[in-house]
Colleague: 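Right, I'll just put the structure down here and ask away after.
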Amino acid sequence: MSEFTLKIAFDIFVWKLLDLFAAVPALIVGYFCRAWWQVVIAAAAVGIIVEMILVALEQTPGIHEGRLLMGVLAAGVWANLAFAFKMWRAKRADKIEES
């Protein structure tokens with residue numbers, strides 16, 4: 001029974017990860033964060049706001065804690081990727097500027 005629950009959670013996470021409605025805002029806020037702790041707060045905010053919009057548009061039947069958590073985790077993945085890309089680009093630009 002436990003494996004079945006984890007499989008459902010993983011499936012929801014993958015679908016939330018591939019949802020462009022949530023991925024695009026997470027990428028944007030992640031790119032504009034200046035510190036790692038801002039990425040955490042921004043990802044949580046994006047995940048919660050996206051889930052609230054989906055509930056308001058009645059695409060999902062009510063708020064479910066598991067789906068909300070998977071949405072926040074998926075937003076965190078995208079926001080962290082954008083933040084890491086920005087940091088990598090800044091370090092690369094510094095190295096090019098030094099040489």
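Each residue takes its place number in the sequence, starting with 1.
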Colleague: Calculate, to the nearest 0.5 Å, the distance between atoms CD1 and CZ belonging to I8 and R67 respectively.
Modeller: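 One gets 12.5 Å once the value is rounded to the nearest 0.5 Å.
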Colleague: So, K16 and E51, do they make that salt bridge, N to O below 4.0 Å?
Modeller: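 Yes.
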Colleague: What pairs with F85 under side-chain contact (heavy atoms from CB on, under 4.5 Å), at least two apart in sequence or on another chain?
Modeller: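 Y31, W88, R89.
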Colleague: side-chain contact (heavy atoms from CB on, under 4.5 Å) with V40: which residues, sequence neighbours excluded?
Modeller: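 Result, side-chain contact (heavy atoms from CB on, under 4.5 Å) vs V40: W36.
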Colleague: When clusters are formed by joining ILVMFWY residues with side-chain heavy atoms under 4.5 Å apart, either directly or through shared neighbours, do I12 and W15 land in the same one?
Modeller: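 Hydrophobic grouping puts I12 apart from W15.
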Colleague: Going by atom type alone, with no hydrogens or angles, which donor-acceptor pairs under 3.5 Å involve a side-chain atom of residues 73-84 and a protein atom two or more places apart or on another chain?
Modeller:
{"residue": "W78", "atom": "NE1", "partner": "L17", "partner atom": "O", "Å": "2.8"}
{"residue": "N80", "atom": "ND2", "partner": "G76", "partner atom": "O", "Å": "2.8"}

Colleague: Quick check on the hydrophobic clustering: are V39 and V50 connected, directly or via other members, by side-chain heavy-atom contacts under 4.5 Å?
Modeller: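 No: no chain of side-chain contacts under 4.5 Å links V39 to V50.
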Colleague: At their closest point, which heavy atom of L68 faces which heavy atom of G47, and how far apart are they?
Modeller: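 Shortest heavy-atom contact: CD1-O, 4.1 Å.
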Colleague: Rounded to the nearest 0.5 Å, what separation is found between the CZ atom of F32 and the CD atom of Q38?
Modeller: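 F32 CZ to Q38 CD: 13.0 Å, rounded to 0.5 Å.
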Colleague: Work out which heavy atom in L20 is nearest to a heavy atom in P25; give both atom names and the distance.
Modeller: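 Looking at all heavy atoms of both residues, the shortest contact is O-CD, 4.1 Å.
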Colleague: First locate atom CD1 of I53, then atom CZ of F21, and finally report the distance between them rounded to the nearest 0.5 Å.
Modeller: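 If we round to the nearest 0.5 Å, I53:CD1 and F21:CZ are 4.5 Å apart.
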Colleague: Could you pull out all residues at least two apart from V72 that satisfy side-chain contact (heavy atoms from CB on, under 4.5 Å)?
Modeller: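 Partners of V72 under the side-chain contact (heavy atoms from CB on, under 4.5 Å) test: A44, I48.
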Colleague: Check side-chain contact (heavy atoms from CB on, under 4.5 Å) between A90 and all other residues, then give those that pass, not counting sequence neighbours.
Modeller: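 Testing A90 for side-chain contact (heavy atoms from CB on, under 4.5 Å), a comparison that skips the adjacent residues, returns none.
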Colleague: Flag yes if F10 and L18 sit in one hydrophobic cluster, no otherwise; membership is Ile, Leu, Val, Met, Phe, Trp, Tyr, and two members link when side-chain heavy atoms are under 4.5 Å apart.
Modeller: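 Yes, F10 connects to L18 through the hydrophobic network.
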Colleague: Listed by chain and number, what are the side chain to side chain donor-acceptor pair (under 3.5 Å) partners of D11, not counting sequence neighbours?
Modeller: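 Result, side chain to side chain donor-acceptor pair (under 3.5 Å) vs D11: K7.
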